[in-house]
Amino acid sequence: MSEISKAYEPQSVEDKWYRFWLDRKCFVADPARVSPRRPAYSIVIPPPNVTGVLTMGHVLNNTIQDILARKARMDGKEVLWLPGTDHAGIATQTVVEKALKKAGEIKHRDDWGREKFLERVWQWKEKHGGIIIQQLKKLGASCDWTRERFTMDEAYSRCVQKAFVELYKKGLIYRGKRMVNWCPATQTALSDEEVVMKEQKGSLYYFKVEVVDCSGAVSAPPSGNAAVTDRRYNEIKSTGVWLTIATTRPETIPGDTAVAVNPKDPRYAKFIGKHVVRPLPAELPRELKLIPIIGDEHVDFEFGTGVLKVTPAHDQADFEIGQRHKLPQIDIMHPNGHMNAAAGIGLNGLDRFKARKIAVELLTEMGALEKEEPYTNNVGFSERADVPIEPRLSEQWFLKYPSVEQARNCVEQEDDSAGRASPRAGSSAAEDGSRERSTHQQMRFHPQRWAKVYDHWMGNIQDWCISRQLWWGHRIPVWYPKSGSGACQSRDGSPADLHPRLHDIWCNINPPPDPENWEQDPDVLDTWFSSWLWPFATMGWPEQTPALKAFYPTSDLVTGPDIIFFWVARMIMAGYEFMGDPKFGLPDAKPFQNVYFTGIIRDKQGRKMSKSLGNSPDPLDLIGRHGADALRFGTMRSAPLGQDILFDEQNVELGRNFCNKLWNACRFRQMVGRADFPIQGEIDPKLLTADDKWILLKLDAAIREMNTAFAEYKFSDATATLYRFFWSEYCDWYVEASKAALSGGRRCESAQTEIQSGLMSAATEDEARKANTLAVIDFVLSHTLRLFHPFLPFITEELWHGMGYAEDMPDDQGGQTIMTAPWPKPLDDDFKSHYGLTGDDEKQIETRNELVSQGRNLRRNANIAANKKVNFILKPAREVTRHDVEVLKLLLNAESVEVKADYQPSKSTMTVRTESGDLFLPREGLIDVEAEKMRLKKELQKIDTDIARVEQKLANPNFVQKVPAEVLQEHQQRLAAWQAKRGHVTSALAALES
RNA sequence: GCGCGGUUAGCUCAGUGGUAGAGCACUACAUUGACACUGUAGGGGUCAGAGGUUCGAACCCUCUAUCGCGCACCA
């Protein structure tokens, strides 16, 4: 760093160092290096969608992971940060299909068929799959790229198949015809987690049906769509009674197979057992539309009219009523959400929403519609396709979740143990910056409130629909015999056997030996059925590989709370299920020690960032303009634990300014010279000034605060500490004060011998002090750079080398790269006593700084221009040295600071009194007496308020009796100080008035 | 309906019982001396409201208002 530029230019250093780290294999984890003295630390990345691009959410998430990984390396751990991407079934397939449609290549993926379409998805993946990885590298992510995984890698696919087969053999995976969440847009089943409820404004339609008596009904066993028409009645008698039914979905009337009332409802109980005539399809004769009135407790008498239409094939609750009463199911819809022939002539072929309108028209025409009221209800939407889902009977694969109890109990709840659950601020674990890694410790969520959400979900867990009617994904490893007798049922066939016992199927990770006689299940698995294996499938499971042995369970997981059920909960269950095998020798097979949930990044208006709103900044653009370190620092500073983040580019500008400040502080150090003489970088305790001691103590405090922040995962606290320490304490005070010592000496050459021979003159003392100051600066900067490194990896590496700090370190301890430099330890008692660091020094500087601030304030009030040098007079409260005076001159921008122990101020002298002494600013003839009086009166007023408040407290006998001694003492001291100040201000005021 | 989180300076947020804080924004002054991506000084707050506990409450408890999120859901 011979020629250092005036401003930090990130573009010129970032790529250079990233390549350096890659070339030196700094990110590569070696399981063989793990030992009791070099513990493992591991994180698996939440794999981004393979075709995605970097968003601010990724920046937040991955910056935190990188900070944790880099900190762990500096703590001397063997670190694995395992990266990779997710195939993201629906998302990717949809994107590719859309692109192909847009390009006019296809109208629908069926045009090409499965094989050709998949070929194109793979091509797309090859083309776009690397983008987000490259972007992560720009951010500085220190992932072990040699272990990059993709959820559809061959080895990974084998893991997915193995997991399926094992669970199938245990009887936890079954196939069944069930009511599922069906997405008519993508035409696949979805899990409950992929459905989001949205409030919809619609109508509640009231229509009437006639109650009839049908004597001599011959009940035939229900059989699918023909159920109703299979019934034959001898006679149908009108009763002249009509029931009114309220519904939001009149288009499903043709699928109704009963009308339900509450058996306890006095209005309707008497009708149970009679029938009504279903109004639709209009063209069917009455006798083919008779449906029974049944009694079911599910019906709420308060809602609507208290009469419920029951559509077992198109509503979850109705399906269950249908089960209880053995009602037939009439499927009236195609998989694409259009009505089928069973819906009747009027509706057949219409889209379900169009059909709703037409159904209302038909009811109106026949005089059945009584009224329509506006109504708002919650409707389930497909999260991906953003269309209302359709509850639909279909045959799917389901998973009864494994290891639920273990998974539920392994997460520490807030009331588990008050002691352990609370943050361990200042504890010994926090001080050395390491978290315990006992395998018997419960998993901990940060912030912990998510544990409750997790527990609630785990306690109400439903079987997971894992099959998807997509092409892009892992094929279900199940084959059916082609000539299939009982085992091979049509997918939308009937009857609805809810728990078919499937015999004669081939479920294996390998295809059957005689493939010509079998056909594979056409479906693929839910993407999350592969990602739930991520923490161990990426490390070589099912083999007990060195990586698994060394790095599983992982240390920390960093992810968004939006996927706590999708991913986190399932990974925990999978961990227990698949890593609990005794061959892995784990006392506790949980996948993580800690889970950190980030907030969600929003824009300044609090809206979630999204492509459609166009409110999501491009992180790469921000990196290009401000630098990766600036983006990281700004993001971290505005991201408190567990709170959503309102993103504003100003945060990044703050980060950029901060990097520039760091850069220039180092540049300043470079410009004032080398520390060779007389102490060669070693700090001489005898030559330390109070300012030196003060900054060392501040450094110590900063290190401790950083360790506490890390122990509590409070990254915004950590950045705030760094910001305050470096800018407000080091630059604003220490560097400014150090200029007094640095501008002092000149003749370095002869000073060393003179010091040794005890003949040190004032001049050579200046020289020695200058060198010592440089040594202190180097000490502070070399520690500071290390504290910054996890947050600002690029600029710290550049400065680490540029400043020459690398040269002083052993090769594997920072000599090659700051990445392996040891994380700073708090200054211990030996250090402090060797260098004579005491609270008195700290106090001395703090009161001195108070004096300086007030002196500057005096200047300001006297309307003295900031660049005008003036003469101050100091009446010190204790002994002052020549050096102290030099510092004061500098900090006050004074021409001189005259020390006069017996100074008597005249009328036109402005004064301040502090614990360090009294400071006078004589302004013969220049002072604005009235203005100064105003200022003093205002100050007096404030002092009086403060005094009154404390006096009131002290006058309270309860206060004096009950309060702890030190608090009482502190109040008394405060009162005394204010009273002294009051006396001073009063006399100053009196002097002006005399 | 149940649960969680928020409400503190113009804005974004820290602040676990003892003198209300930071950054940005704002005002004034300064500019060859590391840094204008800067420095110095300053203005600005009934800590959402009400009640309670306490010698003492932004902080603990209760209720209310309001914003956001999650879960469940009546057709």
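Note that these values count all heavy atoms, side chains included, but never hydrogens, waters or copies made by symmetry. Here the structure is a predicted model, which means the values were calculated and not measured. First the proteins, then the strands, lettered A, B, ... as listed; each starts at 1.
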Charged N-O contact under 4.0 Å between [X] and [Y]:
X	Y	answer
A:Glu895	A:Lys869	no
A:Glu951	A:Arg949	no
A:Lys714	A:Glu705	no
A:Lys309	A:Asp256	yes
A:Arg249	A:Glu390	yes
A:Glu297	A:Arg324	no
A:Glu915	A:Lys981	no
A:Asp455	A:Lys452	no

For nucleotides 17-19 of chain B, give me every protein contact, N/O to N/O, under 3.5 Å, one pair per line with atom names.
unit_1: B:U19; atom_1: O4'; unit_2: A:Arg974; atom_2: NH1; d: 3.2

Polar atoms only, N or O, under 3.5 Å: list the protein pairs with nucleotides 58-62 of chain B and their distances.
none

Could you list all N or O pairs between the protein and nucleotides 24-27 of chain B that sit under 3.5 Å apart?
unit_1: B:C24; atom_1: O2'; unit_2: A:Gln650; atom_2: OE1; d: 2.7
unit_1: B:C24; atom_1: O2'; unit_2: A:Gln650; atom_2: NE2; d: 3.2

Of A:Phe303 and A:Asn651, whose closest RNA chain B nucleotide lies nearer the 5' terminus? A:Asn651
At under 4.0 Å between heavy atoms, what does [X] touch on the DNA or RNA strands: base, sugar-phosphate, or nothing?
X	value
A:Tyr375	sugar-phosphate
A:Glu653	nothing
A:Ala720	nothing
A:Arg656	base
A:Arg859	nothing
A:Asn861	nothing
A:Lys6	sugar-phosphate

Looking only at heavy atoms, what is the nearest atom pair of [X] and [Y], with distance?
X	Y	answer
A:Ala665	A:Phe726	CB-CZ, 3.5 Å
A:Gly599	A:Leu60	O-CD2, 3.6 Å
A:Ala702	A:Thr721	O-CG2, 3.8 Å
A:Lys739	A:Leu890	CB-CD2, 3.4 Å

Partners passing ring pair (Phe, Tyr, Trp, His ring centres under 6.0 Å) against A:Phe566 (at least two apart in sequence or in another chain): A:Trp528
Which residues share a side-chain contact (heavy atoms from CB on, under 4.5 Å) with [X], sequence neighbours left out:
X	value
A:Ala246	A:Leu204, A:Tyr206
A:Phe565	A:Glu193, A:Val453, A:Trp457
A:Ala865	A:Asn867, A:Lys868

Could you tell me the separation between the [atom1] atom of [X] and the [atom2] atom of [N], rounded to a whole number of Å?
X	N	atom1	atom2	value
A:Gln200	B:C74	CD	C1'	17 Å
A:Ile564	B:G3	CD1	P	18 Å
A:Leu799	B:C35	CG	P	16 Å
A:Glu297	B:A75	CD	C1'	17 Å
A:Asn660	B:G39	CG	C1'	14 Å
A:Asn664	B:A34	CG	P	10 Å
A:Asp648	B:G10	CG	P	18 Å

Quick check on A:Gln952: does its CD atom have over 12 non-hydrogen neighbours (other residues, nucleotides or ligands) under 6.0 Å away? no
Quick one: is [N] close enough that its OP1 or OP2 comes under 4.0 Å of any side-chain N or O from [X]?
X	N	result
A:Lys661	B:C35	no
A:Asn863	B:C29	no
A:Arg856	B:A41	yes

With respect to the side chain of A:Leu308, which nucleotide from B:C55, B:G15, B:A75 is positioned closest? B:A75
Between the base of B:A75 and the side chain of A:Glu302, is there any donor-acceptor pair under 3.5 Å? no
Tabulate protein N/O versus nucleotide N/O from nucleotides 42-44 of chain B, keeping only pairs under 3.5 Å, one per line.
unit_1: B:G42; atom_1: OP1; unit_2: A:Asn857; atom_2: ND2; d: 3.3

B:A57 and B:G68, which share atom name C1', separated by this distance in whole Å: 27 Å
Determine the interatomic distance between P on B:G45 and the same-named atom on B:U8; round to the nearest Å. 15 Å
Where does RNA chain B pair, written as one dot-bracket string 5' to 3', with Watson-Crick or G-U pairs under 3.5 Å, ( ) inside the strand, [ ] for crossing pairs and | for another strand? ((((((((.[[[[.)..(..]]]].(((((.......))))).....[[[[[..)....]]]]])))))))....
The salt bridge (charged side-chain N to carboxylate O under 4.0 Å, His left out) partners of A:Lys889 (sequence neighbours excluded) come to A:Glu886
Can you name the residues that form a salt bridge (charged side-chain N to carboxylate O under 4.0 Å, His left out) with A:Arg449, not counting sequence neighbours? none
Spell out, as yes or no, whether a donor-acceptor pair under 3.5 Å connects the side chain of A:Asn893 to the backbone of A:Ala866. yes
Once base and sugar-phosphate atoms are separated, protein heavy atoms under 4.0 Å mark nucleotides 66-72 of chain B, 5' to 3', with B, S and - as -----SB
